[in-house]
Structures are given as C-alpha cells and as structure tokens.
Undergrad: 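Here you go, one structure.
Each chain gets a letter, A, B and so on, in the order the sequences are listed, and its residues count up from 1. Scope of the values below: all heavy atoms of this structure, side chains included, with no hydrogens, waters or symmetry mates.
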Protein chains: 2
Amino acid sequence: MGRWEPNAVQRLQQAAWKLFAERGYADVTVTEIAERAGLTKRSFFNHFADKREVLFAGAQGFEADILGYLAETDADAEPIDAAIAALTRGGLDLTPYREPARIRRGLIASSTELQERNLIKMASLTAAIAEALGERRVPARTAAFAAQAAVAAFDAAYDDWAADATADFSALMRQALSDLRHAVDAAHDEEPPQS
Amino acid sequence: MGRWEPNAVQRLQQAAWKLFAERGYADVTVTEIAERAGLTKRSFFNHFADKREVLFAGAQGFEADILGYLAETDADAEPIDAAIAALTRGGLDLTPYREPARIRRGLIASSTELQERNLIKMASLTAAIAEALGERRVPARTAAFAAQAAVAAFDAAYDDWAADATADFSALMRQALSDLRHAVDAAHDEEPPQS
DNA sequence: CCGGTGAGTGCACCTGGTGCCATCAGTGAT
DNA sequence: ATCACTGATGGCACCAGGTGCACTCACCGG
C-alpha cells in the first residue's frame with residue numbers, strides 16, 4: 001500500500017462538495033476539484049468513473065447495507081414488508097446526516113445529469129432488492145413490484161424527512177406505505193389520507 | 001419557411017437508427033449521423049439537445065397522448081384506474097411498432113447512458129400523470145403513488161409485449177396491475193399469481 | 001429588385017473522459 | 001544497503017459531445 005497524502009478519495013469528495021455548494025454542480029470543473037484536493041484531473045478519474053459519481057459515493061455501501069438488513073428479516077414475511085423493514089433500518093442509519101442530505105437534494109434538483117444518475121441508482125437498489133426477494137419462494141414479478149413499491153415509499157419518506165426536521169423516519173415510512181396501499185387498492189372504503 | 005432538403009429531423013432520426021442498429025449506440029459518432037443525413041454535427045445539435053435524445057423523439061408526443069386519454073376518463077374513477085386506462089390506450093397505439101420497440105429496447109439495454117435517459121423520461125411521464133391526477137380532488141401523495149404504480153405496471157406490460165409476439169396488450173396490463181396489487185397488498189389470502 | 005427570416009454551416013473553444021506510459025514512495029526479501 | 005515489486009499518481013495526447021457566435025444563402029413577401 002503506497003502512501004502519499006492519504007485518503008485521496010475522501011479529499012476529492014470533500015473538495016467536490018465544497019465547490020458544488022459554493023458555485024453549483026455545473027459551474028465546477030473536474031480539474032478544479034482535483035486541484036483543490038491536491039491532485040490532478042487524471043487521478044480524479046482513477047478514483048471516480050465520472051464527475052457525477054463523486055456525489056453518489058455512499059450509494060454502493062447503502063445498497064449493501066439494505067441487502068444485509070433484508071437478509072435478517074423473517075424469511076416467511078410478506079416480500080413488501082421485508083423490503084420496507086430493511087429500508088426503514090437503512091433510513092434510520094442516515095438520520096445523523098440530515099444536512100448533507102438536504103444539500104445533496106438541492107444539487108440533484110439543479111441538474112438533470114444528476115437526476116438521471118440518481119434515478120439509475122434507485123433503479124439499481126430496486127433491482128438488488130427484487131433479486132434478493134426472488135431468492136425467497138416468490139414469483140419474480142411479485143418480487144419486482146414489491147421492491148418498486150418499497151423503494152417508492154422509501155423515496156417519499158426520505159423526501160419528507162429531509163424537508164421536516166422534526167419528523168421520525170419510521171413513522172414517515174409507515175405513513176408512506178399506508179398512503180401507497182391506499183393509492184393502489186381497488187377496494188376504497190376508508191377516508192382518504194390527510195395532508 | 002425556408003426550404004433545403006425537407007424533413008431534416010426525420011432524416012437525422014433515420015440515419016441514427018440505421019447506424020445504431022448496425023454498430024451499436026456507443027460506436028456511432030454524432031458527426032457520422034449528421035453526415036449520413038446530409039447535414040453537419042452543428043445542425044444535429046440544432047435539432048436535438050444531445051445524442052441520446054434522437055432515440056427518444058416519440059416520448060414527448062406519447063406523454064401528451066397519455067394526458068389526453070387521462071382527461072377523457074371518468075373524473076370520479078379511482079386515480080389508479082384512470083391512469084391505467086390511459087396508459088392502456090396509449091400502449092395500444094404502439095401496437096403497430098413492435099419491431100422498432102424491440103430494437104430500441106436492445107439499444108437501451110446496451111448503454112447505461114440510454115438507461116438513464118429512459119428512466120428520466122419515465123419519471124417525467126409519471127410526474128405529468130401525477131399532476132393531472134392531482135387536479136382531481138385527490139391528495140398529492142395519492143396521486144403520486146397512483147401514477148408510479150400505473151407506470152410501473154405499464155412498464156412491465158410493455159416489456160412482456162415486446163418479448164411475446166402473441167400477447168394482447170390490454171390483457172398484459174390487467175395482469176400486471178393484478179400482480180402489482182398482489183405484491184403490495186397486506187392481506188394476502190389468495191394464491192400467488194402464476195408465471 | 002430589396003430587405004427580412006430562418007435553416008444550415010464553419011470555426012474556435014470548452015470539458016468530460018480514456019489509453020498509454022513514466023514516475024516515484026514505500027514494502028518485503030535478500 | 002540494495003533490489004525487485006507494487007500501486008497510486010501524473011503527463012500527455014487524443015477523442016467525442018456540446019456550445020457560442022457570426023456568417024451564408026435559399027426563399028419569401030413586397
């Protein structure tokens with residue numbers, strides 16, 4: 001393990017975050033990020049596949065965590081309940097990082113490039129969950145739809161959580177799932193959800 | 001209205017499709033597309049925002065059609081049923097274009113760039129449907145989830161239709177919606193869906 | 001015949017991204 | 001000490017996507 005200044009990846013991420021926060025994603029150049037981290041453009045691309053990736057560093061680990069939590073759920077539970085449980089635990093892990101989450105959210109909203117990347121990360125998460133559910137004795141279709149529904153609920157809850165500093169993430173997930181079922185259910189006798 | 005060779009946009013699309021089909025998306029350059037259409041790179045970008053967009057030309061019109069169909073549905077229907085009805089009609093309109101749909105599908109599968117673009121187009125469609133549903137007296141949350149569910153069902157049905165030449169799209173949509181409800185429902189007394 | 005309009009073009013330029021090879025810090029073995 | 005090795009880094013040339021700007025030129029209407 002060679003050693004120059006350590007933690008090149010971290011330094012690049014920090015530099016990128018600062019610059020993006022200062023001047024917005026589009027107006028920052030990869031060369032600038034690298035130089036602020038004491039490196040070069042070439043080294044940036046040795047660590048990140050492209051400019052967008054520097055903002056989605058956590059995604060891979062998050063996906064792995066979710067799959068871990070999913071494996072811990074009761075194997076006989078309904079697929080969607082298992083997925084919701086796993087995503088709820090994963091979301092709770094993010095609780096300490098509300099401020100970065102808000103900044104990231106703003107950046108993504110400002111750039112269609114980043115929106116696309118975000119969507120494909122969510123799709124990747126969904127696919128991974130669906131595959132894991134598929135290893136239980138569940139039809140692939142059911143697994144895929146359950147995963148999509150669970151991730152949709154997560155996404156909504158995550159957004160609410162980013163917007164409302166006082167909210168409890170578990171409660172937001174429960175509410176989102178309930179709203180989702182309400183929206184999808186054919187039989188529709190109860191009140192519409194408030195808000 | 002000035003006149004050179006007419007239909008520049010069409011010519012560019014046709015040239016792009018042919019070249020992509022021959023050599024794959026990644027190995028074709030914008031300059032090549034433009035030249036095969038008798039134009040220049042600069043003109044290509046006067047007509048399309050970027051290289052990806054040439055494959056998604058129909059998306060805007062499709063979205064508009066769906067919104068039109070949605071407006072024709074019974075205003076008192078369940079949001080998800082209205083969305084499903086509109087998407088079913090839209091899907092039926094595509095029936096004559098199965099072969100192009102299959103090619104497009106293969107191209108998209110081969111390039112993450114195109115997958116990202118595809119996802120954002122679907123997201124745009126979803127958002128448009130959700131907004132339209134929101135103008136009925138439906139909570140925004142319900143509208144959003146209903147739209148997501150309906151588009152998810154459409155996507156699954158569309159995939160099935162592209163894969164199976166003998167399938168009836170309406171039936172595929174009904175099946176997809178049924179599977180979706182099965183996957184999302186809490187109360188789960190019936191058989192799992194076959195397939 | 002004349003001025004306007006708008007599609008198409010030429011060109012210079014920027015940035016993201018890659019292939020290839022050189023370099024150089026530390027590591028473990030001799 | 002020294003040497004071979006490894007892996008992070010850097011330099012460089014190069015490509016493709018994409019943009020700003022000024023220009024041409026076919027056609028239009030008067």
Undergrad: Pull out every protein N or O sitting under 3.5 Å from an N or O of nucleotides 12-14 of chain D, one pair per line with the distance.
TA:
none

Undergrad: At 4.0 Å (heavy atoms only), tell me whether Val9(A) reaches a base, stays on the sugar-phosphate, or touches nothing.
TA: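 Counting heavy atoms under 4.0 Å across all strands, no contact is made by Val9(A).
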
Undergrad: Not counting sequence neighbours, which residues clear side-chain hydrogen bond (donor to acceptor under 3.5 Å, both in side chains) with Asp168(B)? List them please.
TA: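 With neighbours one apart ignored, the set is empty.
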
Undergrad: Tell me whether the side-chain N/O atoms of His47(A) come closer than 4.0 Å to OP1 or OP2 in dT9(D).
TA: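 Answer is yes, contact under 4.0 Å.
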
Undergrad: Listing request: all ring-ring contact (aromatic ring centres under 6.0 Å, His included) pairs with a residue in residues 55-82 of chain A, at least two apart in sequence or in separate chains.
TA: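 Sorted result for residues 55-82 of chain A: Phe62(A)-Phe154(A).
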
Undergrad: Taking only residues two or more places apart in sequence or in another chain, which ones pass side-chain contact (heavy atoms from CB on, under 4.5 Å) with Leu119(B)?
TA: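 Applying side-chain contact (heavy atoms from CB on, under 4.5 Å) to Leu119(B) gives Leu119(A), Ile120(A), Ala123(A).
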
Undergrad: Quick check against the 3.5 Å criterion: does Arg104(A) have a side-chain atom that pairs as donor or acceptor with the backbone of Leu55(A)?
TA: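 Between the backbone of Leu55(A) and the side chain of Arg104(A) there is a qualifying donor-acceptor contact (under 3.5 Å).
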
Undergrad: Of all residues at least two apart in sequence or in a different chain, which pass the side-chain contact (heavy atoms from CB on, under 4.5 Å) check with Lys51(B)?
TA: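 For Lys51(B) the side-chain contact (heavy atoms from CB on, under 4.5 Å) partners, ignoring immediate neighbours, are Phe20(B), Tyr25(B), Val30(B).
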
Undergrad: Does anything in residues 13-26 of chain A come within less than 4.0 Å of DNA chain C? Heavy atoms only, and list the residues if so.
TA: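 Within residues 13-26 of chain A, no residue comes under 4.0 Å of DNA chain C.
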
Undergrad: Which ones in residues 48-58 of chain A lie close to DNA chain C, meaning a heavy atom under 4.0 Å from one of its atoms?
TA: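 Residues of residues 48-58 of chain A under 4.0 Å from DNA chain C: Ala49(A), Asp50(A), Lys51(A), Arg52(A).
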
Undergrad: Figure out the CD1/C1' separation between Ile33(A) and dT15(C), and round it to whole Å.
TA: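 It works out to 12 Å between those atoms.
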
Undergrad: Checking Arg98(A) side chain against Trp161(A) main chain: does a donor-acceptor pair fall under 3.5 Å?
TA: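 Side chain of Arg98(A) to backbone of Trp161(A), a donor-acceptor pair under 3.5 Å: yes, one is there.
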
Undergrad: Under the ring pair (Phe, Tyr, Trp, His ring centres under 6.0 Å) test, which residues partner Phe45(A), sequence neighbours left out?
TA: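 Testing Phe45(A) for ring pair (Phe, Tyr, Trp, His ring centres under 6.0 Å), a comparison that skips the adjacent residues, returns none.
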
Undergrad: Taking 4.0 Å as the cut-off, does a side-chain nitrogen or oxygen of Ser43(B) come that near to OP1 or OP2 on dA7(C)?
TA: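 For dA7(C), OP1/OP2 do not have a side-chain N/O of Ser43(B) under 4.0 Å.
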
Undergrad: Between atom CG in Leu12(B) and atom P in dG17(D), what is the gap in whole Å?
TA: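 Rounding to the nearest Å, CG of Leu12(B) and P of dG17(D) are 14 Å apart.
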
Undergrad: To the nearest angstrom, how far is Asn7(B) atom CG from dG8(C) atom P?
TA: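 Result: 10 Å.
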
Undergrad: Whole-Å distance between dG17(D) P and Asp27(B) CG?
TA: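 Computing the Asp27(B):CG to dG17(D):P distance gives 11 Å.
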
Undergrad: Rounded to whole angstrom units, what separation is found between the CG atom of Asn46(B) and the C1' atom of dA22(D)?
TA: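 Atom-to-atom, Asn46(B) to dA22(D), this comes out as 13 Å.
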
Undergrad: For residues 20-35 of chain A, which residue pairs pass the salt bridge (Lys or Arg N to Asp or Glu O under 4.0 Å) check, not counting sequence neighbours?
TA: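 Listed once each, the pairs are Glu22(A)-Arg36(A), Arg23(A)-Glu32(A).
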
Undergrad: Atom CZ of Phe45(A) and atom P of dG19(C): how far apart are they, to the nearest Å?
TA: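 So the CZ-P distance, Phe45(A) to dG19(C), works out to 12 Å.
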
Undergrad: Quick one: which residue pairs count as a ring-ring contact (aromatic ring centres under 6.0 Å, His included) with a foot in residues 87-141 of chain B, not counting sequence neighbours?
TA: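 The answer is none; no pair qualifies.
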
Undergrad: Could you please name the option among dG10(C), dG18(D), dG10(D) that lies closest to any side-chain atom of Thr40(B)?
TA: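 For the Thr40(B) side chain, the nearest candidate turns out to be dG10(C).
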
Undergrad: Within this structure, what is the CZ-to-P distance between Phe44(B) and dA7(C), rounded to whole angstrom?
TA: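 Between P of dA7(C) and CZ of Phe44(B): 17 Å.
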
Undergrad: Tell me the salt bridge (Lys or Arg N to Asp or Glu O under 4.0 Å) pairs involving residues 124-140 of chain B, sequence neighbours left out?
TA: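 Listed by first then second residue: nothing to list.
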
Undergrad: Applying side-chain contact (heavy atoms from CB on, under 4.5 Å), can you list everything that pairs with Ala85(A), at least two apart in sequence or on another chain?
TA: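 Testing Ala85(A) for side-chain contact (heavy atoms from CB on, under 4.5 Å), a comparison that skips the adjacent residues, returns Thr73(A).
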
